[in-house]
Structures are given as structure tokens and as C-alpha cells.
Amino acid sequence: PAAPDCTKQDVFCVGLVTDVGKIDDKSFNQSAWEGVQKAKEDGIATVVQYIETTDSKDYDKNISTFGDAGYDVIVTVGFALGEATDAAAAKYPNVKFIGVDQFQAEDVPGVAGLNFPEDQAGFLVGALAAMMSKSHKIGSVLGTDAVPPVWRFGEGYRAGAAYADQEMGTTTEVFVVYHNDVGFDKTFVDPEWGAATANSMIDQGADVIFGAGGKTGNGAVTAAAQRGVYAIGVDTDQYYTLPEAAPRMLSSAMKLITPGVYDLIKMAKEGSFPSGNYFGQAGYAPYHDLENEVPAEVKAKMDEIAAGLLDGSITTNVPPVKP
Amino acid sequence: MTDNNIVLQAKGITKRFPGVLANDKVDFDLRKGEIHVLLGENGAGKTTLMNILYGLYHQDEGEMLVNGKPVKIKDPNDSIAQGIGMVHQHFMLVPVFTVAENVMLGNETTRNGFLDRKTVSAKVRELSHQYGLDVDPDALVGQLPVGIQQRVEIVKTLYRNAQILILDEPTAVLTPQEAEELFVIMRGLTERGVSIIFITHKLKEVLAIADRITVMRAGRVVGTVTPKEMTEAKLASMMVGREVILKVEKGQAKPKQEVLKVENLHVLDERGLETVRGVSFEVRAGEVLGIAGVQGNGQTQLAEALTGLRPVKSGKVIINGQDMTGKPPRPIIESGMAHIPEDRQRHGLVLSDTIVDNMVLCNYYRPPFAKGMVLQQEAMDAYARKLIQDFDVRTPSPFVPTSKLSGGNQQKVIVARELSRDVKLLIASQPTRGLDVGSIEYIHKEIVLMRDRGVGVLLISAELDEIMALSDRIAVMYRGQIVATVDSRAATREKLGLWMAGAHA
Amino acid sequence: MESNEEQEARRESSFQKRLKSAGSAMLVPVLAVLTAMLVGAVVILMAGGNPLYAYLGLFQGAFGSAKAWSETAVWATPYIFAGLAVALAFKGGLFNIGAEGQLALGAVVAAWIGYALPDMLEISLPAIIHLPLAIILGVLAGALWAAIPGALKAYTGGHEVINTIMMNYIALNMVSFLLNGPMKDKNPNNVIARTPEIAESARIPVIFEGFRIHWGFVLALIVAAIVWWLLWKTTLGFEIRTVGANPDAAKYAGINVKRTIILTMAMSGLLAGMAGAIEVSGLNYRHELGFSIGYGFDAIAIALLGKTHPLGVVLASILFAGMRNGGTRMQFLTQIPVDVISVIQALILLFVAADAIIRYIYRVRAREERLVLTRGWGG
Amino acid sequence: MDWRRFSVIALVIIILFSVVVLIGKTKDTPIVIITSLLATTIAVATPLTLGALSGIFCERSGVVNIGIEGMMLAAAFFGWLAAIYMNTIFKIAPLPSLIAGVVAAILTGGLFALLHAMLSITYKVDQIIGGTVINILAVGITGFMNRQLFFEKGSIFGGQVPHAPGVLPRIQIPFLADIPVMGRIFDQQPLTIAAILLVIVSHYVLFHTRWGLRTRAVGEHPRAADAVGINVIFMRYANVIIGGFLAGLGGAYFTLESVPSFEPLLTNGRGFIALAAMIFGNWSPFGAWAAALVFGASQAFQIKLQLFREVIPAQWAFLQNAYIVGLAPYILTMLILTGIIGKTTPPAADGVPYEK
Ligand SMILES: Nc1ncnc2c1ncn2[C@@H]1O[C@H](COP(=O)(O)OP(=O)(O)OP(=O)(O)O)[C@@H](O)[C@H]1O
Ligand SMILES: Nc1ncnc2c1ncn2[C@@H]1O[C@H](COP(=O)(O)OP(=O)(O)OP(=O)(O)O)[C@@H](O)[C@H]1O
Ligand SMILES: [Mg+2]
Ligand SMILES: [Mg+2]
């Protein structure tokens with residue numbers, strides 16, 4: 001099966017290069033890829049392909065594999081590919097690059113850094129958690145804080161809880177644990193650690209657990225559901241991606257990667273491709289099964305906070321990068 | 001011939017190993033209640049034949065009859081069922097098990113699923129009482145002296161009520177006393193109708209104990225004879241196929257300067273027990289000092305301490321005037337010491353390496369074998385070929401791994417290596433253990449030659465004959481101390497035997 | 001039999017005869033590789049892919065063009081060093097599973113010398129000093145890291161297999177700590193746990209402009225030759241091999257066994273460290289967390305596939321490098337997940353280790369002694 | 001038994017725990033903290049315990065097995081896979097599915113063990129190499145199939161992870177679990193409890209039954225065993241496979257008891273730590289279990305410390321650094337192996353193929 005020739009004008013090809021890690025990570029690699037696939041389903045893209053990076057030294061090689069094949073849009077997932085992407089943009093001037101989680105210090109023509117206000121998402125679920133906790137102890141299990149989005153989630157969560165406390169006049173103890181004690185290869189794919197940590201928090205009295213950080217977070221979320229406390233997911237609405245936790249899934253802190261990627265591909269096709277930073281949306285997922293466990297005033301408060309964050313009347317005071 | 005007295009008969013047994021015809025149409029029979037000695041050079045095929053009778057190997061041709069009935073013996077279970085028991089040349093005991101556990105292993109007694117150690121211990125006590133094989137069922141085998149371990153092996157076979165008993169070189173590791181005790185036990189067994197096949201290289205023993213003797217050479221049976229018609233010399237030539245000089249020809253020793261001086265030496269064994277307790281002696285150039293003694297009286301640790309393989313607790317070791325106390329092996333070797341180690345396969349050889357590498361094991365790093373740090377392969381090969389020639393090592397090529405050689409030839413490789421170096425002192429531990437008369441004769445000649453060339457020889461051996469044949473002076477070691485030192489001309493087997501047993505001079 | 005043993009012997013002397021015997025030595029590994037590829041093809045079929053197409057992609061990606069060759073060499077470089085590290089240890093009767101950690105440490109140190117030294121000394125060093133310094137110190141770090149389990153083995157009998165594995169985790173933690181803290185690239189918009197770029201003066205030049213293949217690859221080949229010479233032509237090699245085969249006899253022969261064990265591990269770690277140092281100064285120009293994951297185990301496979309012989313190691317490295325490198329193109333063309341490469345490599349290792357299987361399938365008669373590399377825990 | 005060993009273990013655990021209690025006392029009562037620590041310790045020690053038992057059976061019979069890591073990884077995957085199949089394809093209730101999963105995991109372990117047995121016993125492959133082969137093979141196969149089944153479109157699961165049947169339910173041990181605070185310790189999942197029972201069983205099997213005696217004989221002096229008619233080859237195969245079953249059970253812990261999901265490489269070196277536990281335990285079940293608990297404790301220690309990060313006093317600042325605290329189990333292992341805590345002696349014939 002000879003692949004259609006992407007160099008042709010009428011063939012619109014989209015390639016995706018993962019960070020070191022797999023495309024089926026149920027997290028950002030996968031969400032990004034789903035955005036790409038959606039573009040194909042909607043007939044925007046003719047050909048879509050991905051390449052998984054097995055070693056950081058292959059970033060350039062993998063990107064150029066698409067570049068040389070004449071792809072029109074190349075999605076590079078993860079902050080780690082930032083420089084490789086910028087370099088490639090210089091090498092392939094008429095290719096559009098979408099850099100997921102790549103904060104653009106200065107604009108590079110042809111590169112759109114797709115970023116998200118994770119701190120806001122974290123802030124929302126943090127507030128929710130604080131308001132829903134009976135023991136006034138809540139926990140959060142995250143991947144390494146060396147990754148800014150993760151750090152923003154965690155600190156946002158803290159800030160959100162604090163905000164809720166001052167609103168509600170409560171004092172909530174917040175456990176925030178980053179999985180820093182292993183290498184990069186492991187920190188996002190250590191569900192057992194996530195589970196053990198969540199359990200430990202629950203033993204300590206926490207009754208809401210927010211898991212953020214690939215599979216590690218998933219481990220915490222499912223463990224929480226296991227122990228019957230509230231679980232909060234991350235990135236996508238994990239009510240769907242973690243069915244086993246669904247019954248106790250209170251909400252998810254969402255960064256809408258899939259639509260973000262999709263929109264940028266669309267713009268590229270239509271010739272309205274932006275360069276510099278492009279901010280996707282963040283939000284919190286519906287309560288689903290727990291709809292009627294969440295008191296009306298809490299729901300109201302959440303809407304209020306969401307609105308406040310949007311119009312800037314509420315700020316998380318979380319810097320984009322760990323100081 | 002259906003002599004209903006014959007309990008075991010092998011007909012035309014043939015066994016081939018890659019490149020070796022170990023057994024060649026061997027006929028052999030064993031009568032009820034007799035002690036039938038099997039004699040032969042190293043590699044003659046004795047062990048192989050026995051392993052076949054016992055079901056460890058399978059003959060390529062030939063058949064076996066027990067009590068006149070043809071039997072198929074697939075594995076030891078069958079032979080045990082046939083009432084055959086074997087005490088192997090290399091002991092078959094689990095050191096970390098107790099005597100009782102070793103004895104029951106293979107047909108254990110259990111009570112509702114769990115091992116019934118009590119009952120077994122009782123049975124062992126009973127047996128050892130009955131046959132005068134004194135062993136403690138609850139002792140750890142690893143901590144028993146070889147002599148006792150041997151008894152355990154025999155108890156093992158009796159526990160399975162063996163009627164036919166195979167003993168493969170049981171006395172190779174025993175002292176005269178222990179051997180005597182063993183013979184008494186064997187007699188006791190035959191009186192109770194047990195029939196025994198007895199393999200040994202020691203001709204004295206053969207004549208002392210055998211009812212009949214079958215001699216093997218190169219896998220064939222040379223003949224079956226009775227002790228009356230035989231002398232040691234006749235037997236020797238029968239198994240080697242030529243005249244053998246059993247008496248070592250050696251002239252008067254001319255002792256010169258001191259090459260080894262040991263002062264009040266104390267040494268610990270691996271269990272931390274002090275097994276050498278204040279030993280002092282000296283060896284002069286041109287003499288052989290023999291150290292006699294029952295196995296496990298500290299000889300091993302003494303030799304290891306002298307050669308730098310084992311730390312010295314206290315005392316002094318002076319070699320050629322240099323203080324070598326607690327020095328590592330290399331400086332000691334370089335000061336002119338050669339060492340034939342007790343355990344040939346553990347210390348003496350790198351079994352997986354070629355004969356060449358083993359021949360230069362101690363001086364690979366000096367010219368002509370090395371220039372600077374670069375090895376000189378040609379020089380090494382030539383040297384090895386020469387030694388193989390001189391010491392008549394039976395091998396297809398200098399490049400075969402020594403693991404392929406018979407123990408006898410393995411020993412020759414070591415002897416060749418050690419005796420060919422220019423040294424002042426030779427420490428030989430059990431240099432001929434388990435070797436056949438041919439090899440023994442040869443090695444003894446070499447040792448005497450060394451002496452006459454003005455080398456001081458320290459000979460450590462449990463073989464009284466060897467000690468008496470080679471030594472100019474004899475020291476007897478007992479419980480880590482030297483209890484007596486005598487001129488060999490003044491020594492008699494009896495006196496030495498007594499000292500070895502602890503009687504004081 | 002005598003005669004052909006003798007011939008066997010004389011083979012040593014004549015060179016082209018030796019080539020022949022080398023050929024027959026390689027027979028089994030080659031068959032093992034082919035068989036593994038065959039099984040791999042079945043796996044690809046089951047995965048709904050087209051094996052021919054996939055292997056075509058694999059080959060194109062690995063050796064299909066000058067660029068492909070260059071990239072394969074780039075992959076092969078650390079493999080050769082690390083493979084030699086494991087092979088050398090095997091010869092000394094030691095199993096070094098710690099190449100991973102030793103490699104990472106070598107890389108970190110080389111990187112540190114590479115970027116930090118000029119600022120510290122406040123002078124720009126000439127390449128002639130800076131580059132060798134970076135590599136040598138990196139290499140020493142690896143050697144030291146390996147010497148520790150070596151010493152533990154020599155003096156306490158602690159088994160190197162477990163200890164080197166533990167040292168891997170320790171190294172990984174330390175490196176994570178350094179790259180996230182003290183050594184992290186301070187550049188404001190860097191978010192990655194990695195060091196700054198090393199100075200120009202600490203970089204190994206590429207061989208051909210426009211290709212990534214650098215002189216480190218040539219160095220790897222030279223080092224392989226040196227290792228061979230060391231093991232079979234020098235007294236040190238004799239000592240290493242003797243201790244590996246029978247430590248007791250080695251001691252009896254006056255060889256300093258403890259010293260030799262430590263030395264062997266140190267040299268093994270030195271080679272592993274070189275893999276890391278060269279990777280930094282020749283390719284990445286910095287050390288980054290997550291790099292070097294899995295090199296340790298690949299190195300074991302390579303050492304075995306190469307029958308622990310330096311030449312074999314080089315060939316095996318190029319094969320594995322080709323597979324890793326070509327995997328990208330294979331996936332690009334067929335969307336067959338790269339994991340299939342791991343499966344094939346595992347199968348290769350399986351067939352090489354259990355060459356009896358291969359011998360049985362292809363009726364190849366056993367040639368040399370089975371290689372015994374380790375001795376259980378007894379060590 | 002080697003009391004020196006056990007007292008050291010007790011000491012280490014006590015020290016680790018007291019540090020946490022001292023730090024966390026402002027946040028919670030010692031009793032709560034210790035309970036939680038113990039609960040975690042026992043739970044996370046499970047795969048280590050089972051892995052170590054696996055190693056003990058293999059090595060007591062004379063086969064070194066460093067493939068435990070791989071066996072657990074493969075078992076974790078296939079056990080989980082079986083559970084999902086049962087649950088989603090055959091529409092079987094969660095609990096039976098999970099039990100089926102456990103069985104599948106055990107069998108997987110056995111299957112890989114069979115491969116190891118063939119390599120090291122029949123083909124006489126260097127046993128440490130054989131184990132390495134198992135490890136690498138397991139990584140390749142699980143990684144590949146995980147991808148094929150749960151990501152590639154058109155696979156039986158339509159390219160996405162289906163609803164997993166969750167994890168094995170907790171079992172409240174009667175009475176004990178009802179103790180007010182401490183009860184939490186006895187509120188554990190089945191495999192954790194099974195592991196502890198298996199420690200006891202293994203001890204009796206190895207040291208007080210015919211099977212055990214023969215197994216140890218084969219591992220100490222196979223020739224002697226052969227000479228009394230024991231089938232060395234059979235005994236080794238059998239014990240290696242038993243070991244495989246145990247490793248398989250250990251693997252089940254990861255995906256059927258701990259979390260209901262599979263990750264490539266999720267065993268993360270536990271198999272090797274299990275080996276260290278086995279050695280430290282001097283190849284005896286109770287010793288190995290104790291050692292496993294130490295590692296469990298140091299893991300619990302790390303986790304708790306991070307909860308109390310902000311209240312760690314200045315003079316102990318280094319404890320705030322997860323990387324440094326993370327070193328605990330590994331350094332511990334090495335100290336253990338240096339024999340500081342007493343020399344260990346492997347079975348004499350461990351790792352030596354048997355040649356007639
Ligand atoms: N397992 C084996 N494989 C190959 N060859 C063997 C094996 N066992 C014995 N042989 C060979 O068969 C021949 C006879 O060996 P055997 O052990 O029977 O001799 P032996 O009479 O017992 O010698 P010794 O007095 O040294 O015990 C020897 O050449 C030996 O090398
Ligand atoms: N696989 C083998 N290939 C070749 N020879 C072997 C093999 N296995 C054993 N042998 C040889 O077979 C002989 C018989 O074994 P056995 O244990 O009886 O020898 P041994 O008693 O140590 O020799 P010796 O009695 O001379 O000391 C030994 O010499 C041994 O070297
Ligand atoms: Mg014999
Ligand atoms: Mg013999």
C-alpha cells in the first residue's frame with residue numbers, strides 16, 4: 001500500500017510526533033492524536049500519521065521524517081520537543097507546527113504553542129474539593145513538578161481550596177504530593193505509587209482525591225474510587241477514560257487538548273494559522289453520577305468561580321513556571 | 001554357568017564416551033558374601049562399570065543378571081530395588097543435611113505429610129549399633145570427618161537394606177586406622193551375607209581384604225585372580241601392563257641450608273576454629289620432611305598458611321631466610337616455592353582453560369611467556385608441549401580444557417607445572433591421592449629427583465606408605481600440633497600409627 | 001579425533017583459517033537473527049501489518065541511504081561501548097547489569113565539565129584540553145560507580161547483579177536530583193530537567209558535514225580492538241580470564257583476585273561511562289533526563305549476541321542500532337508499533353542464549369564449549 | 001532462625017516509623033500515622049514477598065531466577081487482560097472475572113517459568129542469562145500486545161481500554177478489622193493476605209515435607225539426589241514452575257489488586273528487590289518476608305514524608321528532597337548484601353546446570 005504523496009497540493013497531511021512515551025497514554029499524547037484523527041474524520045486532513053519517540057535524541061529525526069515527506073501540519077506533543085520544533089520550523093518554512101504544551105517565549109513563524117491555563121482548572125477542582133470535603137482534608141497526587149503544567153495543576157488546586165475556605169469560612173488541610181522521586185521515564189506511569197499515595201492520604205482522613213499526571217494520577221483516582229471517597233480526574237473528562245472510577249468521579253480538571261489541536265489544524269487548512277502562544281480552554285467536567293450528591297449552593301459557587309476566572313475578577317496567582 | 005552362588009553378573013558390558021571406550025565387553029561376577037576387589041589404572045573403566053551396575057550410566061551393549069535373573073536397570077531406583085547399594089568415589093552426601101536426613105533422602109518416612117525425623121534417627125541408631133558403624137543421626141554431615149561421612153554412606157545403603165555393596169575407592173581418603181575400621185565393618189557385613197565390590201588403588205589393601213580380584217586395563221578385564229596367587233608386584237604389572245618398581249630408589253639425603261622455617265604457627269580454619277596450634281619445624285635444602293597425620297588434624301590449614309592461601313593468626317614463616325609470614329601467594333611463589341595443592345580441581349587447575357594456560361598459571365607474567373604485559377603465545381605453547389612430553393600427560397592436544405582429562409592426568413598437569421619451575425622449596429599436599437600405581441611411581445621419582453637437586457620438600461600426606469617411602473624425616477601431626485618428629489629410618493608403621501592416633505612420643 | 005583437535009589448535013596460527021572458524025562461530029547468531037525475524041514477521045502479520053513492507057521500511061530506515069547509515073552509526077556508538085562493558089565483565093566472571101547507571105553518570109559528569117568548567121575557570125579552554133578532560137572525567141565517573149559494586153563483591157561477597165541494579169536506581173535518583181536542581185539549565189524558558197549546552201570546545205566534531213555521525217563512532221571501533229587485545233594478548237587479560245574461570249586457582253597462582261575483580265568492574269564501568277560521555281560530547285551536547293533508558297539491558301543482549309567477543313559486540317551493536325533506527329521509518333510506513341522491535345530483539349536474545357534450539361532446527365552440530373558466563377550467586 | 005537478622009529488620013522499621021511520627025505529630029496522632037504506615041507497608045510488600053517466595057523455590061532447587069521481574073510483568077498483563085475479556089467480552093460479573101484474572105496471572109507466571117526451566121535445565125543456558133531473556137521478552141510482548149489490543153483501531157476492544165472490572169475487594173478480617181483505629185491494618189485485599197499465608201505454607205513445605213527435603217537436596221547436591229533415585233530434572237522443573245506460579249500471583253497484585261490498569265514496565269524493578277529480599281532472607285520464607293516488609297516500610301516512609309513535607313523541621317531538610325529519600329530502599333538493599341547483617345549462603349548447586 002503506497003502512501004499518498006503528501007507533497008501534492010491537494011493532499012493535506014498531518015503528522016504527530018510523541019514525546020518519549022507512548023501514544024496510548026490515555027493522557028496528552030492520546031488526546032492530541034484524537035484531535036488529529038478528528039480532523040481526518042471531518043475530511044480536513046487526507047493523511048494522518050504518528051511516530052513515537054523512543055529516545056530524546058530522535059526528536060529532530062522523527063520530525064524531519066514528516067517534514068521530508070512533505071507533510072503540511074506537524075503536531076509535536078510535549079514541552080520537551082519545544083526546541084526541536086522551533087529548529088524544524090526554520091528548516092521547513094512552509095510546514096505548520098503545533099507545539100502542545102510548548103510555551104513560546106517569543107514568536108517563531110509557523111509554530112503555534114498550544115497552552116492551557118492548568119492553574120485555573122486546578123483552581124476550580126480545588127475549590128470543589130474543599131467545598132465537598134466533610135473531613136476538611138483533601139489530597140492531590142501529581143507527576144513531577146518539573147513539568148510546568150503539572151505544577152500549575154497542583155498549585156492551582158491549593159489556591160482553589162484556599163479560596164473556597166475564605167469564601168466558606170472553613171479551614172481545609174490540603175495534601176499535595178508530586179511524584180519527584182523517580183526519573184522522567186517513570187513519573188507519569190507509576191499508577192501503583194499513585195494508588196499507595198492516595199490510600200495513605202485517605203488513611204490520613206482525606207475524602208477527596210485529585211489525581212493529575214498521566215497513569216500515576218489515574219492510579220490515585222481509581223484507588224480513591226476504590227476506597228469510596230470522591231475522585232477528581234484530569235486533562236479530559238476521565239469519567240469516560242477511567243470507567244472503573246466513574247461511580248465516584250466527582251469531576252475532572254480539563255485542558256481541552258483534542259479540540260485545541262483540532263482547531264489549530266483547521267486554521268492551518270484555512271490559512272488562518274496563528275503563531276506564538278495559542279491558549280486552549282480549561283474547565284471542570286460535569287458531576288455525572290454524583291449530580292445529586294453535590295449541593296445546589298456548591299454548584300452555584302462553582303459556576304460563579306468559573307465565570308470569575310474567565311473574566312479575570314478571580315485570579316489564581318500561580319505563575320506560569322515554578323519559580 | 002548358572003552358579004546359584006552368583007548374586008550379580010555383568011555380561012559383555014560395553015560403554016563408549018565421546019572419544020573413549022570406557023568399558024569394552026566387560027564380564028564380571030560377584031559371589032554371595034565375598035569381597036571382590038576391582039583394580040585398575042586411572043581411567044581403566046572401574047567407576048564407569050559400577051555406575052552402570054548402579055544405573056547412573058547405561059551400557060551400550062551387554063546385559064546384567066541379579067541372582068541369575070536378567071534385569072533392566074534404568075536408574076538407581078531399580079538397582080536399589082534389586083538390593084544394590086553404592087558408596088561413590090566422590091561422596092554423595094548433602095553437607096547441610098543431618099545424617100538422618102541424608103540417610104532417609106529418597107525414601108523418606110513421613111507422618112501425615114510431614115517428615116518423621118524421630119523414627120529415622122532411631123532406625124539409624126539401631127543400624128549403626130548393629131553393624132558397629134558409630135554415627136550420630138542428628139549431626140550435620142558437613143561437620144563430620146571424612147571417615148565418619150563414609151560410614152554415613154554405608155548406613156545409607158544398609159537403610160535401603162542393600163545386599164550388594166559397591167565401594168568405589170573408599171580408602172583413598174582414609175588413614176590406616178580408618179581403613180582398618182572400614183575393613184572390620186566390611187567383614188562384618190559379609191558375614192551377614194552382604195556381597196561387596198571394592199575398588200581401590202592400594203595393593204596392600206587388596207591382598208589384605210580381597211576374596212577375589214578382577215583387574216581392568218583400558219576398559220577391558222585383564223583377568224580375575226585370588227590373593228594367594230598374587231604379590232603386590234604381580235598385581236601392579238598386571239594392571240599397568242609392565243614391570244613397576246614399587247620401592248622408591250633413593251640415596252642418603254644431604255641436607256644443606258634451611259629453606260623453610262616455621263615458628264610457633266597458629267592458624268584458624270573457615271569456621272574460626274584454631275586448627276594449627278603452635279607448630280614449629282624446619283625443612284633443609286636436599287631433604288624431604290614428611291608430615292603424617294589423620295585427615296583434618298590441621299595439615300590442610302598448615303599448607304594453606306605456608307603458601308599464602310590462608311591468613312596466619314600468629315607465629316613466623318621464613319622461606320629462604322625471608323620472613324613470609326602472612327604474605328600473599330605471589331611473593332611466596334617468587335621467593336622460590338612450588339605447591340602441589342591438596343584439592344586439584346579447586347586450587348590446582350582452571351578446568352575450563354586449556355592445558356597451555358594451566359601450565360603457565362604461576363609464571364604467565366614473566367619472560368619468556370610475557371614481554372612487559374604482552375603475552376608470548378608461541379613461547380607458552382612450546383613450553384606446554386615440552387611438559388606434556390616430559391611428564392607423559394595423556395591428552396589429545398595441549399589445547400583441550402583440563403576438565404576433559406582424567407583426574408590422574410589432571411594431577412600430572414599440576415605436578416609438571418610445579419616441578420618444572422626453578423624452586424628451592426616444594427610443598428606437596430596429598431600429591432598422589434587417588435592415583436594409580438603407575439602415576440604414583442612416576443610422581444615419587446620426580447619428588448626424589450627434586451630432593452637430590454637440592455630442593456627442600458615438605459610432603460603432607462595421609463598415606464603412611466608414601467610418607468615412609470619418600471621422607472628423610474617424619475613429623476606426625478595430631479590436633480593441630482606436631483606430636484613427634486623422627487628420622488624415617490627409625491620410624492615404623494605401628495609407631496607412626498599410634499602417634500597419629502594421639503599417643504604421645 | 002586427536003588429529004582434528006590438533007588442527008583446531010593450529011587454526012590459532014593461520015589467519016584466514018581463523019576467519020573461517022570465526023565464520024562458523026557466527027553461524028548460530030546469524031541463524032538466530034534470521035529465525036527471530038521470521039517469528040517477528042508472523043507477529044507483524046497478526047498485528048495486521050505486511051511483514052515485507054515493514055521489513056523493507058526497517059531496512060530503508062536503517063541502511064537505505066547515507067543518512068540512514070549515519071543515524072545507525074549514531075545509535076551504534078553507545079551500544080558498542082556499553083556492549084563491550086558488559087562483555088568485558090562477563091569475561092571476568094562478573095555480570096554488570098549496571099551499565100545503565102554508569103552510563104548516566106558518565107554523561108552527567110561529561111556534561112558538567114562541558115558547560116561548567118569554562119565559567120568556573122573564567123577562561124575559554126582550547127578543545128584540545130577541554131574535550132579530552134570532559135570525556136576522561138566522565139569515563140572515570142563510570143569506572144568509579146562500577147568499582148563500588150566491584151569492591152563490595154571482592155571484600156564482602158555482596159553479589160554484583162543485585163548491587164549493580166541498585167546502583168542503577170541510585171544513579172537515576174541522583175541524576176534526577178542534579179538535573180532538576182543544581183545542574184538544571186537556568187535558561188528562563190527551559191522547563192526540561194536537563195543541563196545547559198556544553199561549550200563548543202567540549203564537542204566531538206562530526207565526520208561529514210550535514211550528518212550526525214561523529215568521531216565517537218570511530219573511537220568505539222578502536223576501543224573494541226583495544227579490549228580484544230587486552231583480554232587475549234596481555235597478562236592483565238590472562239588474570240581477568242583466570243579469575244573469571246576459577247577464582248580459587250587464580251589466588252593459588254598468585255593473582256590478586258580482589259584487585260582483579262575491582263579492576264574488571266572498574267574497566268567495565270569505564271566503558272559504560274564512555275558510552276554516556278561520548279553521547280553527550282558527540283551527539284546531544286547536553287545531558288537530559290530520560291535519555292539512556294534501557295541501554296543497560298540492550299547492552300546485555302548485545303554482549304550475548306556477540307558471544308562476549310569484541311568483534312561480535314561491534315556487529316551486534318550495528319544490528320541493534322539498525323533496528324532501533326529503522327524502526328521509525330517502519331512505523332511511519334506501516335504504523336506497526338515500534339514495540340515489535342523489542343519483541344524481535346528479545347527473540348534474538350532467546351535464540352542466541354538457547355542456541356541448542358537453533359542447532360536443532362538447522363541441524364548445526366555443536367562447535368565450541370557452551371559459554372558459561374556467571375556462576376549463580378556463589379560468584 | 002537467624003534472630004540477629006530479624007532484630008535488625010525490626011530496628012530499621014522502628015526507626016523509619018518513629019521519624020515519620022516525630023515529624024507528623026503536629027498533623028496527626030501517632031496511632032493513626034503508625035496504623036496507616038503499617039497498612040501501607042503490608043500492602044506494598046505483597047509483590048516483593050511473592051516474588052521472593054518465587055525465587056526461593058527456584059533457587060532451593062538449584063535454579064537461579066532473575067526473571068522474576070519479567071514473570072511478574074507478564075502475569076500482571078495477562079491476568080488483567082483475562083479479567084477484562086471475561087468482563088467485557090463474555091459479560092461475566094466483575095468478581096468472577098477478577099478471580100479468572102488471578103488464575104490467568106498464575107498460569108502466565110507458570111508458563112514463563114516453564115520457558116526458564118527449559119532454557120536453564122534442558123538447554124543448560126547460563127541461568128542468569130536465561131532470566132535476563134525472560135525479562136526482556138516480557139517487556140517486548142506486553143508492550144506490543146498492550147498496544148495492539150487497546151490502542152490500534154479494529155482490535156477486539158475497538159482500540160480503547162474497556163471498562164475494567166475494578167480491583168479485588170477488601171476483606172475485613174473478622175474482629176481484628178473492627179478494632180477502632182488499628183483495624184485498618186486488618187482491612188486488606190485478598191492477595192496481600194494470601195501472600196502472608198503462603199509464607200507460612202512455603203516454610204513448612206520446604207523444611208518439613210518430603211518434597212522440601214528433595215527440593216533442597218537437588219539444590220545442594222544434585223548428584224547425591226540422583227544417586228538415591230530422585231529425578232533431579234523433574235524436581236527442578238517442578239519447583240521452577242511453582243516459583244512461576246508465585247511470581248504470577250505477585251504480578252496479579254499490580255493490575256488486579258493495586259490498580260485496575262496496566263502500564264508497560266509497571267513492575268518497575270520490584271522483581272529485583274524481591275531477589276534482594278530473598279537473599280537477605282537467606283533463602284528462607286520468613287526471612288524473605290521480613291526483608292520484604294523492610295522495603296515496604298521504606299516505601300510507606302517516603303509516601304508519608306511527602307504528606308508531611310511542609311512540617312519537616314529545618315535540621316532534617318534533606319528529608320524534604322524526594323530524590324534523596326527515594327534512595328532509601330536501594331541503599332538498604334546494598335547494605336544488606338554487604339553482609340553487615342550477617343553472611344548469607346546460597347544453595348551449593350544454585351545456578352549450576354546438572355550434567356549426568
Ligand atoms: N561422563 C563421562 N564422559 C566422558 N568420558 C568419561 C565419563 N566418565 C568416564 N569417562 C572416561 O571413561 C574412562 C573410564 O573412566 P572411569 O571413571 O571408569 O575410570 P576409573 O577406572 O574409575 O578411573 P579412576 O581410577 O580414576 O576412578 C576414562 O577415560 C574417562 O575419561
Ligand atoms: N564430560 C567428560 N568428558 C571427558 N572426561 C570426563 C567427563 N566427565 C568425567 N570425565 C573423566 O572421567 C573420569 C572418571 O571420573 P572420576 O570422577 O572417576 O575421575 P577421578 O576419580 O577424579 O580420576 P582419578 O581417580 O584419577 O582421580 C575422570 O577422570 C574425569 O576427568
Ligand atoms: Mg573412578
Ligand atoms: Mg578415581
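Numbers restart at 1 for each chain; the letters A, B, ... are given by sequence-line order, proteins then strands.
Taking every heavy atom of both residues into account, D/L307 and A/S200 meet most closely at CD1-OG, 3.6 Å. Closest non-hydrogen pair, A/W193 versus D/I303, comes out as NE1-CG1, 4.1 Å. Looking at every heavy atom in both residues, D/V32 comes nearest to A/D203 through CG1-O, 4.1 Å. For the residue pair D/F254 and A/E192, the shortest heavy atom distance occurs at CE2-OE1, 3.6 Å.
Legend: residues meeting ring-ring contact (aromatic ring centres under 6.0 Å, His included) with D/Y330, ordered by chain and number and at least two apart, are C/Y169.
Side chains of D/R170 and A/R227 form a contact here, defined as non-hydrogen atoms less than 4.5 Å apart. At a threshold of 4.5 Å between non-hydrogen side-chain atoms, the residues A/T222 and D/V167 do not count as touching. Taking the side chain as every heavy atom from C-beta outward, A/N218 and D/S261 never approach each other to under 4.5 Å. D/D28 is listed as a side-chain neighbour of A/Q204, based on a closest heavy-atom distance under 4.5 Å.
Neither the backbone nor the side chain of D/E257 comes within less than 4.5 Å of any heavy atom of chain A. Looking at D/S258, both its backbone and its side chain come within 4.5 Å of chain A, counting heavy atoms on both sides. The parts of A/A196 that come within reach of chain D are both its backbone and its side chain, each placing non-hydrogen atoms under 4.5 angstrom from that chain.
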Distance-only donor-acceptor hits, side chain of residues 89-101 of chain D, under 3.5 Å, sequence neighbours excluded:
residue	atom	partner	partner atom	Å
D/K91	NZ	D/T88	O	2.3
D/S97	OG	D/I92	O	3.1
D/S97	OG	D/A93	O	2.7

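In this structure, the separation between CG on A/N199 and CZ on D/R184 is 6.0 Å, given to the nearest 0.5 Å.
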